[in-house]
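Note that ligands are numbered from 1 as they come in the structure, with each ligand's atoms numbered from 1 the same way. Remember, it's a predicted structure, so these values are computed and weren't measured experimentally.
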Amino acid sequence: MLIDIHAHVCDTVSSINNGQPMRSAKWGLARRGNEYIPFFPPSFENSNSPVEMLIAHMDLYGIDKAVLMANPYYGYTNEYFLESIRKYPGRLKGVALVDLLKGKEAAAELEEIYRTTPLFGFKVESESTFQCGREKNMADEDLLPVWDVIDRYSQPCFLHLFTERDIDELFRLVSMFPRITFVLCHMGADACFGPGAKEGSFARLKELVRTNPRVYFDTSTVPVYFDEEYPFPSSAAIIKDAYRTVGAEKLMWSSDYPGMLNHATFPELINLVTRHTDIPEKDLALIMGGNAERLFFSDAWGQGI
Ligand SMILES: [Zn+2]
């Protein structure tokens, strides 16, 4: 069983980045303000990510199921995710997205989504989530109603952390909301491996994942932080190190499709973990799909109506 817990689809890019509107252009580029930036691989002609294209990749590379990952960087994708999971029942789950900055209003919106649709969970990518509120932080008082809803519905939250402050906020959230499961995207991401990352941040997160049964890592995207070609030795070393510290039960493989196709092929993203970390077969089975099956595809999460 191979499950990708972090794949992006969208009918169009429509978001804010660097304080400017960003939208799909052509041939993989996005237009941000007056400039064109590489976004998807150039073969993505309309600079969107159709679900049919994801399914074609999954079929070709033997990926059984995927979690459609929300992110305000792409835009608000709830409707497209619903369409997608209805089109491919049993193979896809979709993560819900509301504007965290709207606080109480966002909480009501999210609760309605949990009550009436199969979407589940929540995503915060702090760089994109706080484009319109740079001074805000995840666990600010006025944003707590959103976390309260996630907690009441025992949902998972996928976090892409950028700063030391984000890590502090995560620790606050973990202690305040005992029913939320946290998945730390990209092994701790920019907060651990980005240019401003502090020494010791990865160790802090590993300790949290090791000791808290509700906190996990997703293994995607580590290669973007290092100037390396496949087989990405630094990324393999980080994943191996985490495996030894937190155990196979706490790691979930993912691709961060399709952006990562700008850096590697799908088989390389799979092989990075299965062939270059020396993790034994039985533990790979958990990392590559077993944990995700148990967490996201076999219980009440995301069943909805
Ligand atoms: Zn992503």
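When atom types are taken as modelled, the side chain of N271 and the backbone of H276 share no donor-acceptor pair closer than 3.5 angstrom. Using a distance-only test at 3.5 Å, with no hydrogens or angles considered, no donor-acceptor pair links the side chain of E45 to the main chain of W27. Looking only at distances, no side-chain donor or acceptor of D190 sits under 3.5 Å from a matching main-chain atom of A197.
Remark: the N48 side chain and the S24 side chain contain no N/O donor-acceptor pair separated by less than 3.5 Å. No hydrogens or angles considered: nothing links the side chains of N291 and Y216 as a donor-acceptor pair under 3.5 Å.
Distances from the Zn ion (ligand 1) under 2.8 Å pick out these protein N/O/S atoms: H6 NE2, H8 NE2, D256 OD1.
Contact check for V98 versus F122: side-chain heavy atoms found under the 4.5 Å cut-off.
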